[in-house]
Protein chains: 2
Amino acid sequence: MSAQAYETVIEEIESMIRSKRLKLGDRLEGERALADRLGVSRTSVREAIRVLSTLGIIRSAPGSGPSAGAQVVADPEVALSASLRLHVAVDSLSVGDVIDARVMLESWAYRGLPRLPADLLQPARELLDAMEQADDPVEFHHLDTQFHLELVRLAGNPLVNAIMSSLRSSIESYVLDAAPRLEDWQAIATRLRAEHHAIVAGLSEGDGERAARLAEEHILAFARDAGLIS
Amino acid sequence: MSAQAYETVIEEIESMIRSKRLKLGDRLEGERALADRLGVSRTSVREAIRVLSTLGIIRSAPGSGPSAGAQVVADPEVALSASLRLHVAVDSLSVGDVIDARVMLESWAYRGLPRLPADLLQPARELLDAMEQADDPVEFHHLDTQFHLELVRLAGNPLVNAIMSSLRSSIESYVLDAAPRLEDWQAIATRLRAEHHAIVAGLSEGDGERAARLAEEHILAFARDAGLIS
DNA sequence: AGGTATCGTGTGGTCCAACCACAGCCTAGC
DNA sequence: GCTAGGCTGTGGTTGGACCACACGATACCT
């Protein structure tokens with residue numbers, strides 16, 4: 001037995017997924033049954049399930065009934081967010097790296113967009129309206145995150161969406177910490193709102209290239225103001 | 001105690017990392033000591049360490065001496081690779097999504113590159129030389145992966161490098177499965193080699209834009225040939 | 001007959017007390 | 001001075017025992 005016990009359990013579950021014996025939404029057999037079938041201890045099965053849970057593949061719930069047990073789910077963000085957050089914490093990734101990656105992602109998403117029907121941009125516009133009222137930096141940032149994510153979502157690539165969301169959340173604490181240090185929050189918020197409208201205008205006119213360039217400058221300028229990059 | 005036991009352990013370790021009480025390369029206290037200090041069982045501590053290990057933050061080794069114990073490391077790829085691989089397996093992400101993301105990444109990397117000193121491109125050129133001799137599709141693919149990764153590395157963003165590497169490995173099995181189905185492998189390999197040289201030529205002349213466009217078509221054309229996308 | 005309180009059962013969550021394999025260190029013996 | 005052996009602490013694994021939980025069935029009372 002070269003591989004560790006919990007690894008054999010993961011391999012078994014992954015194999016069941018690949019061979020379609022386990023599909024999205026299916027429930028896994030009980031931990032005790034699985035342990036017995038694979039000839040390992042329940043502890044090892046639990047380690048494996050815990051790992052798959054942090055990878056966003058399985059969700060476990062105690063109790064009984066339809067919602068209980070271990071179920072195959074699809075939550076690609078959890079592992080990405082947790083991993084990035086921790087790697088930024090240990091300084092193996094810098095906040096600047098994350099911001100650069102975000103610029104790449106967002107400008108890619110906008111550049112590829114065709115002229116959009118007005119109703120597709122409606123959710124983003126509503127977020128802009130909400131941001132008009134938001135004076136609190138924390139609330140503003142929250143809406144801002146949703147706004148940018150909503151726009152990237154229009155590109156229709158779920159993987160890019162997951163990465164985008166994870167990038168934001170991995171440096172959220174740094175952004176929020178920086179907010180109070182901003183010189184003139186009101187002035188900056190006003191500028192950010194105007195830039196948001198300009199990006200949406202570009203997209204609604206089918207000028208994804210312009211929106212992309214605006215977004216790049218929008219993101220980098222704020223990051224500079226917040227002292228997140230030099 | 002609302003949070004689960006293993007979560008409190010993760011929070012404690014993450015807190016130690018954020019406050020720099022734990023730095024890259026440091027060794028964690030023993031599992032038994034940590035369990036005792038936090039008032040949880042060793043089982044829960046082990047679950048937490050196992051999770052952090054799959055997130056690429058901690059590496060554990062049994063035995064004694066300098067290499068033993070749990071150590072803080074920085075391996076951003078492991079979690080990304082595992083997560084993407086499994087999410088592609090459950091069809092929550094498609095191979096096409098992954099390929100599109102890779103095109104984004106690679107073209108971004110090349111577009112941002114200035115004219116490069118010849119020695120920076122030397123490793124890539126050597127991989128091209130090796131690929132001239134590689135007739136076996138598996139060996140060719142292996143070198144191809146290294147080649148593209150080497151070029152992206154020139155952009156100098158470790159996060160992008162990690163994502164790039166994870167994207168490749170998450171769909172590697174699909175690419176390798178598709179290789180035998182290719183109509184005329186020799187002809188395709190010849191074309192791929194020529195395209196590789198053209199990309200390197202673009203970069204060596206400081207024309208990142210051209211290299212990016214060539215890379216986009218290079219990747220998408222092969223994906224179409226291999227039946228990975230339509 | 002209809003509602004309601006109760007119990008039974010199976011789930012994951014936690015803990016404990018062992019034992020194993022491993023690798024460095026230290027000591028006794030040559 | 002050197003080598004072989006045991007000592008010690010590490011993570012890895014196991015079995016068994018509880019717990020809290022939530023559903024479903026059952027028994028009960030009205």
Side-chain angles (χ1 to χ4, degrees), chain A residues 1-13 16-17 22 24-75 78 82, chain B residues 1-13 16-17 22 24-75 78 82:
Chain A
M1 182 76 72
S2 169
Q4 300 192 174
Y6 86 96
E7 287 179 326
T8 73
V9 179
I10 291 183
E11 284 167 15
E12 165 66 12
I13 295 178
M16 287 172 36
I17 290 176
L22 262 186
L24 204 61
D26 286 353
R27 263 194 298 287
L28 214 57
E29 53 190 308
E31 295 176 353
R32 294 163 178 86
L34 190 53
D36 198 59
R37 183 163 69 83
L38 297 182
V40 298
S41 70
R42 193 184 156 211
T43 309
S44 299
V45 171
R46 285 184 53 73
E47 275 190 25
I49 291 182
R50 186 69 76 204
V51 166
L52 293 176
S53 170
T54 79
L55 291 178
I57 289 293
I58 281 185
R59 180 185 52 105
S60 311
S64 79
S67 67
Q71 195 175 10
V72 179
V73 298
D75 202 344
V78 291
Chain B
M1 182 76 72
S2 169
Q4 300 192 172
Y6 87 95
E7 286 179 325
T8 72
V9 178
I10 291 184
E11 285 166 16
E12 164 65 12
I13 295 178
M16 289 169 61
I17 290 176
L22 262 185
L24 203 60
D26 285 354
R27 261 191 297 287
L28 214 56
E29 53 191 306
E31 296 176 354
R32 294 163 178 86
L34 189 53
D36 198 59
R37 183 162 70 84
L38 298 182
V40 298
S41 71
R42 191 181 158 214
T43 309
S44 299
V45 170
R46 285 185 52 75
E47 274 189 25
I49 290 182
R50 187 69 77 201
V51 165
L52 293 176
S53 170
T54 79
L55 292 178
I57 290 293
I58 281 185
R59 180 185 54 105
S60 307
S64 80
S67 68
Q71 194 174 9
V72 179
V73 297
D75 202 344
V78 291

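Proteins come first, then strands; the chains are lettered A, B, ... in the order of their sequence lines, and each starts at number 1.
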K.L.:
What closest approach, in Å, do B:S44 and B:Y6 show between heavy atoms, and which atom pair accounts for it?
P.N.:
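Looking at all heavy atoms of both residues, the closest pair is O-CB, 3.6 Å.
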K.L.:
Which pair of non-hydrogen atoms, one from B:S60 and one from B:A70, has the smallest distance, and what is that distance?
P.N.:
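Heavy atoms only, the tightest pair is OG-CB, 4.0 Å.
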K.L.:
How many whole angstroms separate atom CD of A:E29 from atom P of C:dT11?
P.N.:
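Whole-Å distance recorded here is 11 Å.
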K.L.:
Could I get the full list of side chain to side chain donor-acceptor pair (under 3.5 Å) partners for A:E31, not counting sequence neighbours?
P.N.:
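Here the qualifying residues are A:R42, A:R46.
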K.L.:
C:dC15, OP1 or OP2 - any side-chain N/O from B:S44 closer than 4.0 Å?
P.N.:
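So the side chain of B:S44 is within the cut-off, an N or O lying under 4.0 Å from OP1 or OP2 of C:dC15.
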K.L.:
Take atom CD of A:E31 and atom C1' of C:dG10, then tell me their distance rounded to the nearest Å.
P.N.:
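Rounded to whole Å, this separation is 12 Å.
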K.L.:
Closest approach of A:P62 and A:A68, non-hydrogen atoms and distance?
P.N.:
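Shortest heavy-atom contact: O-CB, 3.6 Å.
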K.L.:
For the base of C:dG12, is there a side-chain donor-acceptor partner from A:R59 under 3.5 Å away?
P.N.:
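No pair found.
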K.L.:
What closest approach, in Å, do B:A5 and B:V40 show between heavy atoms, and which atom pair accounts for it?
P.N.:
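Closest approach of B:A5 to B:V40, heavy atoms only: CB-CG1, 4.2 Å.
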K.L.:
Toward the 5' end of DNA chain D, which comes first, A:S67 or B:L28, by nearest nucleotide?
P.N.:
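Closest to the 5' end, via its nearest nucleotide, is B:L28.
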K.L.:
Can you tell me the distance, in whole Å, between the OH atom of B:Y6 and the P atom of C:dC15?
P.N.:
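After rounding, the reported distance stands at 14 Å.
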K.L.:
Would you indicate what A:G65 reaches in the nucleic acid, counting non-hydrogen atoms under 4.0 angstrom: base, sugar-phosphate, or nothing?
P.N.:
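If one applies the 4.0 Å heavy-atom cut-off, A:G65 turns out to touch the sugar-phosphate alone, with no base involved.
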K.L.:
Can you see which heavy atom on B:V78 is nearest to which on B:T54, and at what distance?
P.N.:
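Nearest heavy atoms, B:V78 then B:T54: CG2-O, 3.7 Å.
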K.L.:
I need the CD-C1' distance between A:Q71 and C:dT11, as an integer number of Å.
P.N.:
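My rounded result for the distance is 13 Å.
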K.L.:
Any side-chain donor-acceptor pair under 3.5 Å between A:Q71 and A:R27?
P.N.:
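No - no donor-acceptor pair under 3.5 Å links their side chains.
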K.L.:
Closest nucleotide of DNA chain D for A:T43 versus for A:P62: which of these residues is on the 5' side?
P.N.:
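Whichever sits nearer the 5' end wins; that is A:T43.
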K.L.:
Would you kindly give the CZ-to-P distance between B:R32 and C:dC15, to the nearest whole Å?
P.N.:
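Answer to the nearest Å: 16 Å.
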K.L.:
Looking for any heavy atom pair under 4.0 Å, which part of the strands does A:R27 touch: base, sugar-phosphate only, or nothing?
P.N.:
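Nothing: the residue A:R27, judged by heavy atoms under 4.0 Å, touches no strand.
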K.L.:
Look at the side-chain N and O atoms of B:S64 and state whether any lies under 4.0 Å from the OP1 or OP2 oxygen of C:dG24.
P.N.:
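No, because none of the side-chain N or O atoms of B:S64 sits under 4.0 Å from OP1 or OP2 of C:dG24.
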K.L.:
Without decimals, in angstroms, what is the distance between A:R42 CZ and C:dG12 P?
P.N.:
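In whole Å, C:dG12 P lies 7 Å from A:R42 CZ.
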K.L.:
Just the rounded figure in Å: distance from P of C:dT11 to CZ of A:R46.
P.N.:
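Taking CZ of A:R46 and P of C:dT11, I get 13 Å after rounding.
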K.L.:
Nearest whole Å is fine: how far is C:dG13 C1' from B:E47 CD?
P.N.:
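In whole Å, C:dG13 C1' and B:E47 CD are 8 Å from each other.
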K.L.:
Heavy atoms of chain B, cut-off under 4.0 Å: which first and last nucleotide of DNA chain D, 5' to 3', fall inside that, if you could look?
P.N.:
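Listing 5' to 3', DNA chain D meets chain B from D:dG9 to D:dT13.
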